[in-house]
Structure formats: structure tokens, C-alpha cells
Enquirer: 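Right, I'll just put the structure down here and ask away after.
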Amino acid sequence: MLKLTELAPSDTPADDILTLPFESRQKSRLPACTDGGVKVGLFLQRGQYLRSGVVLTGNEKFRVMIKAAPETLSVVRTDDALLFARLCYHLGNRHIALQVLPGELRFLSDHVLDAMVEGLGGVVIHDILPFEPEAGAYKSHGH
């Protein structure tokens, strides 16, 4: 098994791809198999999550690009700025991972959250898409 222990520089070309759902991209220790069939183990610093497109490497210099796997998501679209803000507030208040796009919110499907959104006036559809939630206010500051 190849050990992947660090992030490579952003312009590093990859030798293979590792497609992972959001839950797995939050783990610092993980055995996995690349899309090309290579067995790898993630041995990363705790407290980070892997965004789609980052490249990992290790002592063997094998480079693996992370790709977000398509997952079942709840998707809410609205042009109503007040409704959008209210939905962001109430979903964020529950500390869930939330992907915020212009006029669109995405979160891992959950029937309880879907009902809450609909109760606030939102319309929920389900789709299978890669999930790239917000990293959080403190992730980029090194705290």
C-alpha cells in the first residue's frame, strides 16, 4: 500500500485519481483504492478535509488527485434573497455541511432538514452531484 502523507503543490500533475464521498474526505486516516486500482492509505494531518482537485503524495512520490464523488443531495434554489438568507441561517444553525452557490444551497439529503426547508417556504429537489461544502470561517486562518 502506498502512503499518502502530504498535499502536493497545486500545479502538480497526478498519476491517478481517488474518488471519495464527503464523509471520507474528512478522514485523516483511510485505506482506499484509487480509480486506477492502486491501494493507498491516507495518513494526513488531522483537522482538514480534502477538496476536489487537491493532489496528495508521499515518500514514493506517487501523486493522487482527490475527486468528489457524486452523492445524493438536497438542492434548494431561490431568487428570493430573504428566503435564501433565512434558509442559510436555519441550516447553518444546525451545524450541517452546506454548499452555498448563487441562488442555490446543497446539503447531504436528510428528510428532517428537507421538511424544515419546506416549512420555511423552500422547495427541495434531490440530485446526485459532487458535494463541496463551505470550509468554515476558521479553516483558512490556521486556528
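Computed from heavy atoms alone, side chains included, the values below leave out hydrogens, waters and symmetry copies. Model, not experiment: these values are computed from the prediction.
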Enquirer: How many angstroms lie between CE in M1 and CG in L42, if you round to the nearest 0.5 Å?
Expert: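 CG of L42 is found 10.0 Å from CE of M1.
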Enquirer: Could you check S109 against T72 for side chain to side chain donor-acceptor pair (under 3.5 Å), going step by step and ending with a plain yes or no?
Expert: CA-CA 6 Å; S109 286; T72 303; 5.7 Å; no
Enquirer: Does a salt bridge link R25 with E23, judged by any charged N lying under 4.0 Å from a carboxylate O?
Expert: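 Here R25 does not pair with E23 in a salt bridge, since their nearest N and O are not under 4.0 Å apart.
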Enquirer: Could you measure the distance from the OG1 atom of T12 to the NZ atom of K61? Nearest 0.5 Å is fine.
Expert: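 These two atoms lie 10.5 Å from each other.
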Enquirer: Is there a path of hydrophobic side-chain contacts, each under 4.5 Å between heavy atoms, that joins L44 and L7?
Expert: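 They do share one cluster, since a chain of ILVMFWY contacts under 4.5 Å joins L44 to L7.
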Enquirer: Looking at L129, is its backbone amide N or carbonyl O close enough to the side chain of D127 to form a donor-acceptor pair, meaning the two atoms are under 3.5 Å apart?
Expert: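 Checked: no pair found.
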Enquirer: Closest heavy-atom contact between I128 and P70?
Expert: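 I128 and P70 have their closest heavy atoms at CG2-CB, 3.6 Å.
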Enquirer: Considering residues at least two apart in sequence or located in another chain, which fulfil the side-chain hydrogen bond (donor to acceptor under 3.5 Å, both in side chains) criterion with R29?
Expert: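 For R29 there are no side-chain hydrogen bond (donor to acceptor under 3.5 Å, both in side chains) partners, ignoring immediate neighbours.
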Enquirer: Is there a chain of hydrophobic side chains (I, L, V, M, F, W, Y, each step under 4.5 Å between heavy atoms) that links L108 to L113?
Expert: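 No, separate clusters.
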Enquirer: Within this structure, what is the OG1-CG distance for the pair T78 and L120, rounded to the nearest 0.5 Å?
Expert: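 Reported to 0.5 Å precision, the distance equals 12.0 Å.
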Enquirer: Show me, pair by pair, the donor-acceptor contacts under 3.5 angstrom made by side chains of residues 85-101, not counting sequence neighbours?
Expert:
residue: R94; atom: NH1; partner: H90; partner atom: O; Å: 2.8
residue: Q99; atom: OE1; partner: E132; partner atom: N; Å: 3.1

Enquirer: Set out, in order, the CA-CA distance, both residues' side-chain angles and the distance that settles side chain to side chain contact (heavy atoms under 4.5 Å, CB included) for V76 and F107, then state yes or no.
Expert: CA-CA 9 Å; V76 183; F107 53 94; 4.2 Å; yes
Enquirer: Does any N or O in the side chain of D16 come within less than 3.5 Å of the main-chain N or O of G36, such that one atom is a donor and the other an acceptor?
Expert: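 Indeed, once roles are kept as given, a pair shorter than 3.5 Å links the two residues.
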Enquirer: Do L56 and M65 belong together in a cluster built from hydrophobic side chains that touch within less than 4.5 Å?
Expert: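 Each belongs to a different hydrophobic cluster.
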Enquirer: Is any side-chain heavy atom of L30 closer than 4.5 Å to a side-chain heavy atom of L20?
Expert: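 Yes, their side chains come closer than 4.5 Å.
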Enquirer: For the OG atom of S74 and the NE2 atom of H126, what is their distance to the nearest 0.5 Å?
Expert: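 Answer rounded to 0.5 Å: 3.5 Å.
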Enquirer: When rounded to the nearest 0.5 angstrom, what is the spacing between CD1 in I66 and CG in L50?
Expert: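 Separation between the atoms: 5.0 Å.
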Enquirer: Test R46 against S28 for side chain to side chain donor-acceptor pair (under 3.5 Å), laying out the working first.
Expert: CA-CA 5 Å; R46 296 191 191 281; S28 57; 3.0 Å; yes
Enquirer: Any ring pair (Phe, Tyr, Trp, His ring centres under 6.0 Å) pairs touching residues 13-47, not counting sequence neighbours?
Expert: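 Passing the test, one end in residues 13-47: F22-Y49, F22-F131.
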Enquirer: Which atoms form the tightest heavy-atom contact between A8 and T57, and what is the distance?
Expert: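 Smallest interatomic distance, heavy atoms only, reads CB-CG2, 4.1 Å.
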Enquirer: I want to check something: taking the side chain as every heavy atom from C-beta on, are E104 and V75 in contact at a cut-off of under 4.5 Å?
Expert: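 Yes, at least one pair of side-chain atoms sits under 4.5 Å.
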Enquirer: State, yes or no, whether a side-chain contact exists between L2 and V38 at a heavy-atom distance under 4.5 Å.
Expert: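 L2 vs V38: side chains touch.
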Enquirer: Determine, step by step, whether E118 and V124 satisfy the side chain to side chain contact (heavy atoms under 4.5 Å, CB included) criterion, reporting the C-alpha distance in whole Å, the side-chain angles of both residues, the deciding distance to 0.1 Å, and the verdict.
Expert: CA-CA 7 Å; E118 290 169 348; V124 177; 3.8 Å; yes
Enquirer: Quick one: are L18 and V40 in side-chain contact, heavy atoms under 4.5 Å?
Expert: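 A side-chain contact under 4.5 Å exists here.
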Enquirer: Measuring from atom CG of D15 to atom CZ of R63, what distance do you get when rounded to the nearest 0.5 angstrom?
Expert: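 So the CG of D15 and the CZ of R63 are separated by 4.0 Å.
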